Amino acid sequence: MKKTLIALAVLGSIAGVAQAQSSVTIYGKLDQGLRKVTDQKLQLTNRSNSRLGFKGAEDLGGGLSAIFQFENRFFADTGADQGPLFKAQSNVGLKGNFGTVRLGRIYNPVDDISAGLDPFGQDGIGAMQTNALLRVRQNNSIRYDSPNFSGFGVQAIYQLDEEDTLPVVQQNDGYGVSATYNNGPITAAAGWNRVANTNDSDYWNIGGGYAFGPAKIIALYEDAEINTNNTDQKNALIGLAYNIGAGTINASFGRLKTETATTSFADKKLALGYTHNLSKRTSLYANASRTNLDVPTATGEDNINAAEIGVTHNF
């Protein structure tokens, strides 16, 4: 009996050490609301995608850790998956004094710039207009993030061409690089990305923000050259986030200009919204937007009006 107790105590201590050296976090978000868009029925939908994710780290010693993350996206109103099981992310890597290296399906650091500066985070009807090349996430990729040097960092990504069904001229590897600065009231970033399997099409962006008191103003510019159809897109955005009490007012105005060999048109979008935090994890939101289309839709509409209200809970 005594030997058994000693053995259990030893096993318990080993388990405690293993637990201290590794960790797994389960997290998620549920978002549901009502939305009405011109020429569409009232919908029960969401501002940002509902999700369930898992991430963790294992201490390998010497300042080195193994890390992983995989995240599912689903429709809260039906429970159905939004495509692949782990559409949002699925990657594994190493983290140390050298920075972080991840392999798998990963967020594109150049799009991180746009998403980070958009007052609406590229979510819901207030989201900024985007160029046709923008890639939020990339499959078959290797991403590197440098350590933070007093707010300054460098990020790079390489995507392997594993597409055999496209025309040969479109099959190319993708790669991109970005630099960011976030220190005190100042945010600044710039990036360039050659998109995989697009006949070496590329885009670049640059932007920044400045916070003073309860307000933060931002500006962003993107330029995309789409070689598959000889199109150029220029995208500009200005925005504002203003904290008031337990909530935040967001506003933005954007202009997306598209040029081809035969046409040129520019769509403009104005968005206004308010998010009220009921707690650290639960919030209510109400957003509205108006998009002026330079080229009318098939139904003859040249303005798209939209409104949404809803609730978000994070865990």
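Numbering of residues begins at 1 and proceeds along the displayed sequence. If you're wondering where the values come from, they're calculated on a predicted model, not measured in any experiment. Any value given below was found using the heavy atoms of this structure, including those in side chains, with hydrogens, waters and symmetry copies removed.
At distances below 3.5 Å, at least one donor-acceptor pair connects side-chain atoms of Arg137 with backbone N or O atoms of Ala88.
Other residues sharing a hydrophobic cluster with Trp192 under the 4.5 Å side-chain heavy-atom criterion for ILVMFWY residues are Tyr158, Leu160, Tyr175, Trp204, Ile206, Tyr221.
Residue pairs meeting the salt bridge (charged side-chain N to carboxylate O under 4.0 Å, His left out) criterion with at least one member in residues 266-279, sequence neighbours excluded, do not occur. Applying the salt bridge (charged side-chain N to carboxylate O under 4.0 Å, His left out) test to every pair with at least one member in residues 210-228, sequence neighbours left out, gives these pairs: Asp223-Lys234. Within the structure, the side-chain hydrogen bond (donor to acceptor under 3.5 Å, both in side chains) test picks out the following pairs touching residues 239-249 (sequence neighbours left out): Asn243-Thr248. Under the salt bridge (charged side-chain N to carboxylate O under 4.0 Å, His left out) criterion, the residue pairs touching residues 106-116 are Asp112-Arg143, with sequence neighbours excluded.
For Asn97, the CG atom counts as loosely surrounded, since its 6.0 Å shell holds 12 or fewer non-hydrogen atoms of other residues, nucleotides or ligands. Within a 6.0 Å sphere centred on CG of Leu60, heavy atoms belonging to other residues, nucleotides or ligands number more than 12.
Residues Ile26 and Phe70 are members of one and the same hydrophobic cluster, defined by side-chain heavy-atom contacts under 4.5 angstrom among Ile, Leu, Val, Met, Phe, Trp and Tyr. One hydrophobic cluster holds both Ile218 and Met128 under the rule that ILVMFWY side chains link at heavy-atom gaps under 4.5 Å.
When each of Asn140, Asn139, Asn91 is tested with Arg105 by the rule side chain to side chain donor-acceptor pair (under 3.5 Å), just one qualifies, namely Asn139.
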Side-chain donor-acceptor pairs of residues 305-315 under 3.5 Å, sequence neighbours excluded:
| unit_1 | atom_1 | unit_2 | atom_2 | d |
| --- | --- | --- | --- | --- |
| Asn305 | OD1 | Arg290 | NH1 | 2.9 |
| Glu308 | OE1 | Arg35 | NE | 3.1 |
| Glu308 | OE1 | Arg35 | NH2 | 3.0 |
| Glu308 | OE2 | Ile125 | N | 3.4 |
| Glu308 | OE2 | Asn287 | ND2 | 3.0 |
| Thr312 | OG1 | Asp31 | OD2 | 2.6 |
| His313 | ND1 | Thr282 | OG1 | 2.8 |

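A salt bridge does not link Asp81 with Lys87: every distance from a Lys NZ or Arg NE/NH1/NH2 to an Asp or Glu carboxylate oxygen is 4.0 Å or more.
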